[in-house]
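For reference, the structure is listed below as structure tokens.
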Amino acid sequence: MARPKKDDGKGNELNIPNFKEIEEKWQKRWEEDKVFQVKEDSKKNKYYVLEMYPYPSSSGLHMGHAFNYVIGDIISRFKRMQGFNVLHPMGYDSFGLPAENAAIKNNSHPKVFTEDAIANYIRQQRALGLSYDWTRKIQSHDPLYYKWNQHLFLQLYRKGLVYRKEAVVNWCSKCKTVLANEQVQGGKCWRHTETEVEIKNLEQWFIKTTVYAEELLRDLEKLNWPERIKTMQRNWIGRSEGAKIIFKIQEKPWNVFTTRPDTLFGVSFLVISAQHTKLFELVTKDRMKEVEDFVRKIKTIKQEDIDKLDKEGVFTGAYADHPLTGEKIPVWAGNFVLAEYGSGMIMAVPAHDQRDFEFAKKYNIPIKLVIKQSGRDIQDEVMIEAYIGSGELVNSKGYNGLNNEEAKEKIVNALNEKRLGEKSVQYKLRDWLISRQRYWGTPIPIVYCENCKNEIKRKSYELSFYDQDIFFQIATGKKIVETRALNPHEKTKEFYGNIKKGDYIKCINKLTNEIIYLKVLNVRRFNSLQDLFKEKELLERIFPGKYFDSISKLEKSYSHTEDYLDRIKKYGLVAWDVQLIFPGIMPVPEKDLPVLLPEKVKFGEGNPLASCKEFVETRCPKCKGKARRETDTMDTFFDSSWYYLRFTDALNTKEPFNKKKAEYWMPVDFYTGGAEHACMHLIYARFFSKFMRDIGYVKYDEPFPRLFNQGMVHGEDGAVMSKSRGNVIDPLEISKKYGTDALRLFLVSMTSPDKDFAWSSAGIESSFNFVMKLVKYSENVKLGKSSKKLEHKANTAIREVTNNIESLKYNFAIIHLRSLLDSLEDEIAEKDLKSIIKLVAPFCPHIAEELWSNLGNKDFITLERWPEVDESKIDTKIDEQEKAFKKTVDDIFNVLKIVKEKKGKESIKVYLYVLPNENEGYNSEMLSKRIGKEVIVFAVNDKKKYDPEGKAGKAKPGKPGIYAE
RNA sequence: GCGGGGAUGCCGGAGCGGUCAAACGGGGCGGACUCAAGAUCCGCUAGCUUAGUGCUUACCUAGGUUCGAAUCCUAGUCCCCGCACCA
């Protein structure tokens, strides 16, 4: 489809502006004059607009990108004209697998590949006239950037928020790396929707995002985000309240989490996940073979079939003690229990949980009803499905008759007294697995040293824990202060007396045999509980969430230790700040950063870093002995978790960003991007913000108070625009044909930007016409005085367009602009013409600059002040008059049609009889032009009027009489 | 299964208690201009009716609330999206 030729209607070629030339001219001038470069300015209000930075793919910018960037650009330009100090930067998420894979395929290097792609992106983005401050450009594969990834990794490490652990992880055989939980979608890899994710047991790096689960959930409330995204995050975090209950199995305690402690007396078996790492610790010898067979069978089942899967299991041979009745409860291994959720083991209450019910039926395990459905008699109850509703407790010892909600509370209390359970909250959110076994990413700044490993192990004080909870808190970073001295054992007296800063402690959880190592950062001693109590902050850290407001409460809380006061007297009170460490895992010192990604590596087999000798072989930062470098790289979502902060100070070589600068610009006032990041980038970035706040890097809680999700761009066939469907429209092609301004305009004129829309080749023409109309008008209009009507129209448009841009209803802004263009007159005041061009400027910046300069202006319209509404010029009477006029035009056409039908011939003249006070609304010239026939206007009281049929008598207010002949 | 969002005229899509036969754009049809085509401008685009009027059907289906519903409520159908054996 070629761009139509145009003329002025008289056969003369119309001057179609050379859009390309105009665009390039202004893009160049903006850049030369540093129009979009900004600095912190305390006198100006800042406004930070950000579009999610793209992964620079080799296929270049697509329509969805263009849409996204134009949405952000319009608001940037608008806010800039409103006088805000607008930060609008762009960067590239340039690490990542596709580049590495493409490089392998093309026998190239990811760096070359990526940098070509970036150059291409930049060229295309410039062509779209996007108002970026290019001096702040960042690319995550740049050592100047990823150095700070490593720095932040070490900060996380120091805070105890990074750990290395063997766990059940997701492995994509196509990506040849592990994936974060968030990157597994429906059992498949997020990049390879056809590739099954395998479950493996591997040692990997994790970040404790779960520490902030509660806050991440809670703070969603204060965000101005699409409800859909908030809901997705809420579901992802997945908070459930319930209880943690300890079942003793073969004398060892095992945890289960349940939301239904009220059904505790109905437990008839326990089920441990068949994938549980500790499963075989409880399998008895005679059951070993069956369990092994079962586990093997489970492994061969595809993730895909899991929802269709029958609940299956096998008895482990072990029995647990019921915590309240002491009954023996069989422990099964099952395929329907998730290893990674809760403790990986559940208590099964078949009468009141459908899954347990099915399982019990299948294996003939007794079903014990403990909650009575009101109105039913339990005697003759034949269960065909589990009863999951509420009701009155039965068969539950001393709790019979209680409502099940009350019972929850009471039963948990009873467990608590026996120290066999407590209230607990579980989240679906898992810790973030960040290590990747691939080359094209930020190297994890860690060195493994065997020497130091042995050294630390040897020098450590050994300390046993019997309290599951304290151990758990330390291990998950919730607590980094210990006050075991509140309850010291005689045996460890010496330890408490001698411990000092820099010592290592080996903590053994006697209940689970887990071992963790701690390094003592600080030791504080108190002579009495009273002294300790003065340290409010410390108390809060030791007993998080408990808010002791008196010593007596604190004492009471510890009263289960009969002689603790004596002990305090005897040994004193010691509190230590500790850090979780991993012996032999040595963080690279700050001064040695960045750990550079070596350029010369061999691609093809496994992780190229692992086979790069020069990289792997290194020296231990502590003992200087031979050591081995970590070869895993970071998930690229690490890069994007804080890039918005880097934009505030992109060139800083001393620190990730200057705190003052970040404080000025952050948070991001307007963030746009696709919804696909709801549970990945947007959770990680929020997590990072909270972490950085806690280490004093930033002062805000939430990085993106206002998030906007643009809709999806579909092809003309209505399907999502994609290469495979062959319905892709290249934005740059469109821009060449119709000009960038028409493209920009069209992208946001179809519908509200948060909705999906289908590309329309006819629609783009209408945007092109809009631009042409404006150009033609401003070329031909006579500058002078605006009519009252035009002033009214212009000011109405200012008001509406301002409001509509503010509320992201760009499509409405454009409707108002169209209507304004439609009512333009041959003469206009320069001021009004200027306002009109300004209103168009955010949408069509190039042509606006051109028209602006054609008016003799030397400065950029981009930096002009947004027009102010002059309310006094807005006169609703004018709208009414216009309506009446329009109605009259309608009526005339209607009359003409009827007359033609009746008389069989076309009328040539129209006579209008107007009430005397309405005279000014009806101008014969205007009407003639509109109707296309001569229209003669009379006042009804005109004695000399021509009115053969007395139609003047039909005239009513707002409705003149009509005669046609 | 759980959660979120939808269903509007030929099409895309506004509207979210009256001013709605329903913005705006597209398409189609007709007209003006022109030797002519495109472009531009004007009108029409549910049906019947009428010298500019009035009526009847209409906003997924069925009920309901209301003086009054495309808009609110109830039930249902269909579509899209997210999560999914989360104990």
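Throughout, a chain's letter reflects where its sequence line sits, starting with A, and its residues are numbered from 1.
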Is any side-chain heavy atom of A/Q710 less than 4.5 Å from a side-chain heavy atom of A/L808?
no
Atom CD of A/E901 and atom P of B/G30 are separated, to the nearest Å, by 17 Å
The side chain of A/V895 lies closest to which of these nucleotides: B/A51, B/A87, B/U53?
B/A51
Need to verify one output field. Residue with the more 5' nearest nucleotide on RNA chain B, A/I892 or A/W236?
A/I892
Within the 4.0 Å heavy-atom criterion, would you say A/R239 contacts the bases, only the backbone, or no part of the nucleic acid?
nothing
Is the distance between the ring centroids of A/Y363 and A/F269 less than 6.0 Å?
no
Whole-angstrom distance between B/G13 and B/C83, as gauged at atom P:
24 Å
Any A/K959 side-chain nitrogen or oxygen under 4.0 Å from OP1 or OP2 of B/U53:
yes
From C-beta outward on A/Y341, which listed nucleotide comes closest to its side chain: B/G27, B/U50, B/A87?
B/A87
Considering heavy-atom distances to RNA chain B, does A/M345 or A/G763 have its closest nucleotide positioned more toward the 5' end?
A/G763
Answer yes when A/K887 and A/E880 have at least one side-chain N-carboxylate O distance shorter than 4.0 Å, and no when they do not.
no
Strictly below 4.0 Å: does A/N894 bring a side-chain N or O up to OP1 or OP2 of B/U50?
no
With a 6.0 Å cut-off on ring centres, are A/W332 and A/F359 close enough?
yes
Structure string for RNA chain B in dot-bracket form, Watson-Crick and G-U at under 3.5 Å, | interchain:
((((((((.[[[..)..(.....]]]((((((.......))))))(((.....)))...[[[[[..)....]]]]])))))))....
Rounded to whole Å, the CD1-P distance (A/I814 to B/C24) equals 15 Å
Name the pairs: protein N/O against N/O of nucleotides 42-44 of chain B, kept only if under 3.5 Å.
residue, atom, partner, partner atom, Å
B/C42, O3', A/R930, NE, 3.3
B/C42, O2', A/R930, O, 3.0
B/G43, OP1, A/R930, NE, 3.3
B/G43, OP1, A/R930, NH2, 2.9

Would you mind reading off the distance between A/L820 atom CG and B/C24 atom C1', rounded to a whole angstrom?
15 Å
Would you name the heavy atoms of A/Y684 and A/A180 that are closest together and state the gap between them?
OH-CB, 3.6 Å
For A/K897 and B/U49, what is the distance between atoms NZ and P respectively, to the nearest whole Å?
10 Å
Interatomic distance at P, B/A46 relative to B/C11, whole Å:
13 Å
Which of A/I683, A/T231, A/L217 passes side chain to side chain contact (heavy atoms under 4.5 Å, CB included) with A/W236? Answer is A/I683
Between A/S767 and A/Y738, do the side chains contain a donor N or O and an acceptor N or O under 3.5 Å apart?
no
Rounded to whole angstrom, note down the C1' distance from B/A58 over to B/A70.
10 Å
Return the minimal non-hydrogen interatomic distance between A/I245 and A/P323, and the atom names on each side.
CG2-CG, 3.7 Å
For A/R818, which contact category applies under a 4.0 Å heavy-atom criterion: base, sugar-phosphate, or nothing?
sugar-phosphate
Describe the nucleic acid contact of A/Q426 in one word from base, sugar-phosphate, nothing, applying a heavy-atom distance below 4.0 Å.
nothing
Verify the contact: side-chain N or O of A/Y963 to OP1 or OP2 of B/A51, cut-off strictly under 4.0 Å; return yes or no.
no
NA contact type, A/G334, heavy-atom cut-off 4.0 Å: base, sugar-phosphate, or nothing?
nothing
Can you tell me, in whole Å, how much space there is between the P of B/A84 and that of B/C67?
49 Å
Rounded to the nearest angstrom, tell me the gap between atom NZ in A/K311 and atom C1' in B/G1.
11 Å
Expected rows: protein N/O vs nucleotides 5-16 of chain B N/O, under 3.5 Å:
residue, atom, partner, partner atom, Å
B/G13, O3', A/T751, OG1, 3.0
B/A14, OP1, A/T751, OG1, 3.3
B/A14, OP1, A/K755, NZ, 2.8

For the C1' atoms, the ones on B/G6 and on B/G54, what distance do you get once it is rounded to whole angstrom?
37 Å
Whole-Å distance, A/L927 CG to B/G52 P, equals 19 Å
Of the listed nucleotides (B/A87, B/G3, B/U40), which one gets closest to any side-chain atom of A/N235?
B/G3
Using a 4.0 Å heavy-atom cut-off across all strands, classify A/T259 as base, sugar-phosphate, or nothing.
sugar-phosphate
So, taking the atom named CD1 in A/I814 and the one named CZ in A/R818, what distance separates them when rounded to the nearest 0.5 Å?
7.5 Å
Output, in order, the C-alpha distance, side-chain angles, deciding distance and verdict of salt bridge (charged side-chain N to carboxylate O under 4.0 Å, His left out) for A/K408 and A/E405.
CA-CA 5 Å; A/K408 277 183 185 173; A/E405 285 303 320; 3.4 Å; yes
Pair A/F67 + A/F757: ring centers closer than 6.0 Å:
yes
Please check: side-chain N/O of A/H352 versus main-chain N/O of A/I388, any donor-acceptor pairing under 3.5 Å?
no
Can you tell me how far C1' in B/G25 sits from the matching atom in B/U77, rounded to whole Å?
31 Å
Please lay out, stage by stage, how A/K737 and A/E765 fare under the test salt bridge (charged side-chain N to carboxylate O under 4.0 Å, His left out).
CA-CA 10 Å; A/K737 225 175 257 171; A/E765 302 244 0; over 6 Å; no
When we call it a touch if two heavy atoms are under 4.0 Å apart, what does A/A964 touch: a base, just sugar-phosphate, or nothing?
base
Considering only the P atoms, how many Å lie between B/C35 and B/A14, rounded to the nearest integer?
44 Å
How many angstroms lie between CG in A/L912 and CG in A/L927, if you round to the nearest 0.5 Å?
6.0 Å
State which of B/U50, B/U40, B/G26 makes the closest approach to the side chain of A/I898.
B/U50
Atom-pair distance (NZ on A/K951; C1' on B/U50), nearest Å
11 Å
Find the distance A/K230:NZ to B/C81:C1' and express it as a whole number of Å.
19 Å
Is the phosphate of B/A87, meaning OP1 or OP2, less than 4.0 Å from a side-chain N or O of A/S240?
yes
If I pick the C1' atom on B/G12 and the same atom on B/A23, what distance separates them, to the nearest angstrom?
14 Å
Relative to the ring of A/Y913, is the ring of A/F938 parallel (under 30°), tilted (30 to 60°) or perpendicular (over 60°)?
parallel
If you look at every strand shown and take non-hydrogen atoms under 4.0 Å, does A/P960 touch a base, only sugar-phosphate, or nothing?
base
